[in-house]
2 protein chains.
Amino acid sequence: MPYAAPASEFRFLLDHVVNFDQVTGTDTFGDATPDMRDAILTEAAKLCDEVLAPLQRNGDEHPARLENGIVRTSPGFAEGFKAIADGGWIGMSADPVYGGMGLPFTLTTAVNDMMSGACLSLQLNPLMCQGQIEALEHHASDAIKDLYLPKLISGQWCGTMNLTEPQAGSDVGALRSKATPNGDGSYAITGQKIYISWADNDFTENVCHLVLARLPDGVEGTKGISLFMVPKIIPNEDGTLGERNSLRVVSLEHKMGLHGSPTAVMEYDGARGWLVGPEHGGMAAMFTMMNNARVGVGTQGIGTAEAAYQHALAYAMERKQGRAGGSGTIVEHADVRRMLATMKAEVFAARSIAISNAIAIDMSTATGDAAWKARAALLTPISKAFGTDVGVETAATGIQVHGGMGFIEETGAAQFARDVRVTTIYEGTNGIQAMDLVARKMMDNGEAAFALMDEIEAAAEAAKEKCPDLAEPVWHACETLREATEWLVAQELTDRFAGAVPYLRAFARVLGGYYHLLAALHGDDSRERLATVYIKRMLPEYTTLLAQVREGASDLMAISTDDLVA
Amino acid sequence: MPYAAPASEFRFLLDHVVNFDQVTGTDTFGDATPDMRDAILTEAAKLCDEVLAPLQRNGDEHPARLENGIVRTSPGFAEGFKAIADGGWIGMSADPVYGGMGLPFTLTTAVNDMMSGACLSLQLNPLMCQGQIEALEHHASDAIKDLYLPKLISGQWCGTMNLTEPQAGSDVGALRSKATPNGDGSYAITGQKIYISWADNDFTENVCHLVLARLPDGVEGTKGISLFMVPKIIPNEDGTLGERNSLRVVSLEHKMGLHGSPTAVMEYDGARGWLVGPEHGGMAAMFTMMNNARVGVGTQGIGTAEAAYQHALAYAMERKQGRAGGSGTIVEHADVRRMLATMKAEVFAARSIAISNAIAIDMSTATGDAAWKARAALLTPISKAFGTDVGVETAATGIQVHGGMGFIEETGAAQFARDVRVTTIYEGTNGIQAMDLVARKMMDNGEAAFALMDEIEAAAEAAKEKCPDLAEPVWHACETLREATEWLVAQELTDRFAGAVPYLRAFARVLGGYYHLLAALHGDDSRERLATVYIKRMLPEYTTLLAQVREGASDLMAISTDDLVA
């Protein structure tokens with residue numbers, strides 16, 4: 001598997017597209033100097049290329065399995081995880097007080113992207129740990145922080161999230177898991193959870209589960225849910241390991257892909273847990289964590305797209321066929337060139353959006369500014385859904401570039417498509433992301449969206465003289481998006497929801513055009529050529545998408561279930 | 001797996017959308033009365049529902065495997081194949097002289113669609129047999145016809161196509177397999193072939209391979225290739241089985257899907273073969289067969305899309321979640337309704353195109369009319385590429401409707417996506433279909449395309465009074481397609497090729513709009529509601545697609561391989 005982690009692409013993005021300097025200009029992130037940043041990217045890329053990428057196929061060919069209640073992981077994954085932990089990559093953005101590096105989330109996002117491309121199924125483990133670390137930093141008591149954070153940050157222990165239950169699915173409020181006070185400050189947690197990623201492993205000495213459950217006096221729905229830390233092995237106060245907790249992996253799922261990542265059904269049978277955050281405040285705590293985890297999942301899509309692109313390009317530049325000119329390889333065929341250019345342009349667009357999202361998160365953290373916070377919240381569902389859609393679509397195109405070889409598993413092209421498929425589903429399906437965008441994230445009547453559009457239009461205006469062919473379509477697309485947004489925020493929820501998915505994609509198309517325009521303005525001719533492909537061929541999709549948005553829900557809801565069954 | 005073969009949908013299509021009466025009005029197909037047609041559809045649907053659909057998961061869970069040189073097929077496949085053969089379904093359209101039913105290809109297409117939805121991996125076997133039967137009927141000597149056709153039509157033997165070689169891929173002209181005259185009318189065939197679907201099995205007593213190879217005096221390229229019948233076991237003149245031929249299955253591929261269908265590397269080591277068609281005329285013979293096989297593969301995509309749709313709908317109507325009104329199931333959510341309506345509208349569009357294509361083939365067969373022949377040739381790449389794209393996209397949406405369950409293999413949703421994935425690749429990748437459309441099928445300067453557009457616009461004109469909201473967008477889309485086609489036929493090949501894929505899809509979008517309009521005009525309100533969704537939401541995609549077409553190749557070819565690698 002050829003894979004070279006795109007460190008130089010991130011350097012370009014940070015310097016010339018998303019203005020990383022504004023982050024390092026804050027007091028909070030002043031230590032992330034250009035030298036530090038370069039060292040981080042270089043070292044992470046080295047780890048990806050040399051240690052993680054060689055494990056990618058192992059996960060698929062030798063899936064994690066459950067043996068007598070113990071999860072056995074894929075060959076090499078233990079060593080891969082140790083290398084990630086030893087490099088300090090799990091706690092890159094974690095609090096230095098507990099052993100973290102305190103670096104901007106932007107750099108964590110870049111590193112997560114590169115690691116996803118190298119070995120998605122293993123990378124999911126540190127991604128879950130990062131989510132847990134963040135949740136504990138924000139919501140846990142000092143006692144829990146002191147006990148758990150150092151071990152999670154060092155990778156001695158790892159962490160999971162336990163939200164989903166069979167009957168509840170995306171409707172978390174319907175959960176039935178119960179928590180009963182033990183009278184000693186701990187709680188007895190009982191219930192079954194499904195789809196628990198990396199629920200267990202054979203390389204960390206403990207696994208820490210964050211579990212949503214309802215206290216006896218918890219009301220129905222999301223407002224009666226609390227969050228608990230439920231470790232596999234109960235630590236003593238000094239951090240040494242005590243007794244085994246009453247929880248177990250019931251089974252592992254047989255999945256379409258991501259075989260290296262064990263996905264479990266978990267059973268908690270009066271397991272001891274400790275409250276994280278206030279009673280009945282579990283959803284809020286979970287959401288803090290989930291927002292950044294959503295950016296992380298978007299990044300998984302982008303990283304996989306990058307890897308699928310590199311893989312397809314390598315094949316196309318080697319495969320001789322037909323009477324193509326130049327090298328005689330299929331890369332000379334116009335249709336193959338179209339596929340490859342599309343893949344590359346799409347990866348750039350999705351990656352720019354995710355990195356801008358991370359910048360907004362860092363600026364919000366550093367400044368506390370409500371506008372930055374709103375920007376981060378607005379971009380999160382777009383980063384997640386568009387990044388993972390790009391992952392799925394780019395991996396599919398990668399198979400197509402391979403022709404017949406794409407369908408043969410040993411080529412590796414199919415694995416990208418199978419692995420990345422879950423990313424449009426987990427951490428909230430992309431439909432749920434889109435509904436979040438048009439409902440919750442538009443509770444400000446579109447203020448955050450319009451502020452971003454103002455920026456885009458100003459940049460396009462400023463570029464009209466230098467790059468009219470690129471700037472004008474971007475300006476026009478943004479203005480059309482603005483009009484559609486004005487329409488959207490005036491609609492009932494059902495009408496918004498009916499158009500949510502196309503709206504999110506149209507927004508992403510405009511953002512992609514914006515970042516490609518910036519790249520063309522501040523990069524070399526190669527950037528301009530790629531921006532031209534994006535802006536002329538891919539950006540125009542917004543017209544069809546916004547036409548769909550404007551249809552509202554009535555035609556869809558007019559279709560009865562009888563119509564659907566007929 | 002819930003699956004109900006859509007026999008009534010075909011009745012509607014044949015009666016109200018594609019005018020099947022014109023086929024049965026010919027002398028050739030006069031026997032296909034409405035009663036006969038209904039009986040065919042009813043019986044085929046019964047076979048699909050009761051015998052084939054229960055085998056679908058077996059193929060995936062218990063893949064065909066190679067044991068000591070013998071291919072062992074999935075449990076139940078032998079019985080399934082026997083039921084298909086005994087029902088006479090293999091030779092539905094074959095010559096009655098050899099035991100076929102002589103029915104229109106349109107009905108074969110309908111039955112193939114239903115069987116694909118029931119069990120794609122098994123259905124591929126009779127599909128290959130049908131291709132071989134057709135090739136022999138058109139090109140083989142009477143001796144070969146008499147010996148092979150009755151056994152192929154009855155399903156006692158089955159047939160394969162051997163085109164691809166490792167170094168040649170889609171460039172068939174680069175093949176290296178050799179044929180040397182034995183002096184007794186037979187030839188010694190030597191070479192290696194790859195991607196041979198259903199190359200062997202354990203349920204027919206013989207397997208007949210049609211193999212492309214080069215005679216000693218064959219020139220380089222496609223003009224020096226001949227076609228040979230190379231049976232696994234050499235039949236005696238009376239049809240009894242003689243000695244084993246010098247050919248073997250080297251290995252079976254480990255594929256992303258379609259595990260029930262053994263895909264082999266074949267080695268021919270001086271195997272005895274007999275010429276089919278003239279010396280050096282192998283490509284022409286192969287193309288006769290491949291054209292209808294391409295419609296057949298398009299139909300595989302559509303059948304799988306139908307099955308994936310039914311599967312997702314059943315899940316959505318059962319899965320209770322959130323605070324949806326009505327049934328309380330997720331089918332009440334606007335975004336789920338959007339996905340399901342899109343799936344259903346898309347299946348109708350693709351199916352109408354394939355069935356119209358089959359009608360044109362039948363009319364060409366029955367009348368010998370050059371315009372029908374040109375119509376059939378024009379529609380073939382569209383049926384193949386759009387049908388299989390719809391297969392891939394609909395199966396992907398089906399996974400999304402299932403949420404987390406879609407990624408778990410036992411649900412079955414993922415199998416549709418994995419199985420159908422190959423259909424956009426085999427029988428000529430969809431890129432090659434698109435290039436065929438804009439080059440070979442436009443060698444008439446677009447005459448056949450414009451004739452079809454005349455029909456569409458006339459129908460839209462006629463419908464403007466009754467259905468202005470649907471007719472006008474269809475007319476306008478068709479006129480835009482016409483203008484783009486006029487532009488296209490004036491371009492160099494590289495420019496045509498760069499826009500080939502979006503052009504084909506735009507053409508399919510317009511055709512889909514046309515057939516949905518006809519359905520709305522001649523069907524009940526339910527048809528009109530579905531047509532509205534298609535015409536308002538999906539048809540408008542043509543604008544973006546045709547904008548891409550008009551970009552030509554220059555921006556793509558300006559992107560250097562250095563740009564791509566950077």
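Here is how names work: the chains are called A, B, and so on, in the same order as the sequence lines, proteins then strands, and each is numbered from 1.
Remark: side-chain polar atoms of Arg338(B) are not paired, donor with acceptor, to backbone N or O of Leu556(A) under 3.5 angstrom. Counting only distance, with no hydrogens or angles, the side chain of Arg421(A) and the backbone of Ala396(B) share a donor-acceptor pair below 3.5 Å.
When every heavy atom of Gly552(B) is checked against every heavy atom of Arg537(A), the shortest pair comes out as O-NH2, 2.6 Å. Residue Gln400(B) comes nearest to Asn430(A) through the heavy atom pair NE2-N, 3.7 Å, listed as atom of the first residue, atom of the second, then distance. The two residues Tyr195(B) and Gly404(A) have their closest heavy-atom pair at OH-C, 3.2 Å. When all heavy atoms of Met256(B) and Ala417(A) are compared, the closest pair comes out as CE-CB, 4.2 Å. The shortest non-hydrogen separation linking Arg529(A) to Ala558(B) is CD-O, 3.1 Å. Considering all non-hydrogen atoms of both residues, Met557(B) and Arg337(A) come closest at O-NH1, 3.7 Å.
Proximity of Ile425(B) to His402(A): side-chain heavy atoms (C-beta onward) are nowhere separated by under 4.5 Å.
With values rounded to the nearest 0.5 angstrom, Thr544(B) atom OG1 is found 7.5 Å from Leu545(A) atom CG. For the atom pair CZ (Arg319(A)) and CG (Asp171(B)), the distance works out to 9.0 Å, reported to the nearest 0.5 Å. Atoms CD and CD, from Glu410(B) and Glu253(A) in turn, are 6.5 Å apart once rounded to the nearest 0.5 Å. Put simply, CD1 on Ile559(B) and CD on Glu528(A) are 11.5 Å apart, with the number rounded to the nearest 0.5 Å. For the atom pair Met317(B) CE and Thr561(A) OG1, the distance stands at 4.5 Å (nearest 0.5 Å). Taking OH from Tyr426(B) and CZ from Phe407(A), the interatomic distance works out to 8.0 Å, rounded to the nearest 0.5 Å.
When heavy atoms are compared at a cutoff of 4.5 Å, Pro6(B) does not approach chain A at all. For chain A, the nearby parts of Leu530(B) are the backbone and the side chain; heavy atoms of each come within less than 4.5 Å. Heavy-atom distances place both the backbone and the side chain of Met405(B) under 4.5 Å from chain A. Heavy atoms of Tyr542(B) lying under 4.5 Å from chain A are absent altogether. For Leu340(B), the parts sitting under 4.5 Å from any heavy atom of chain A are the backbone and the side chain alike. Residue contact with chain A, scored on non-hydrogen atoms closer than 4.5 Å, involves the side chain of Thr543(B) exclusively.
Among the candidates Ile194(A), Asp335(A), Val422(A), the residue making the largest number of heavy-atom pairs closer than 4.5 Å to chain B is Val422(A). When the candidates Thr429(A), Leu564(A), Ile408(A) are compared by the number of heavy-atom contacts under 4.5 Å with chain B, Leu564(A) comes out ahead. Of the residues considered (Ala341(A), Gly257(A), Gly431(A), Ser8(A)), Gly257(A) shows the highest number of contacts with chain B, using heavy-atom pairs under 4.5 Å. Heavy-atom pairs under 4.5 Å with chain B peak, among Glu9(A), Met435(A), Gln310(A), Gln167(A), at Gln167(A). For the set Thr424(A), Thr532(A), Leu539(A), the entry with the most heavy-atom pairs within less than 4.5 Å of chain B is Thr424(A).
Between Lys344(B) and Asp563(A), no side-chain nitrogen of the basic residue sits less than 4.0 Å from a carboxylate oxygen of the acidic one, so the salt-bridge criterion is not met.
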Query raised in the report: Under the side chain to side chain contact (heavy atoms under 4.5 Å, CB included) criterion, do Met339(A) and Val501(B) qualify, and how do the steps go?
Result: CA-CA 10 Å; Met339(A) 289 191 277; Val501(B) 166; over 6 Å; no
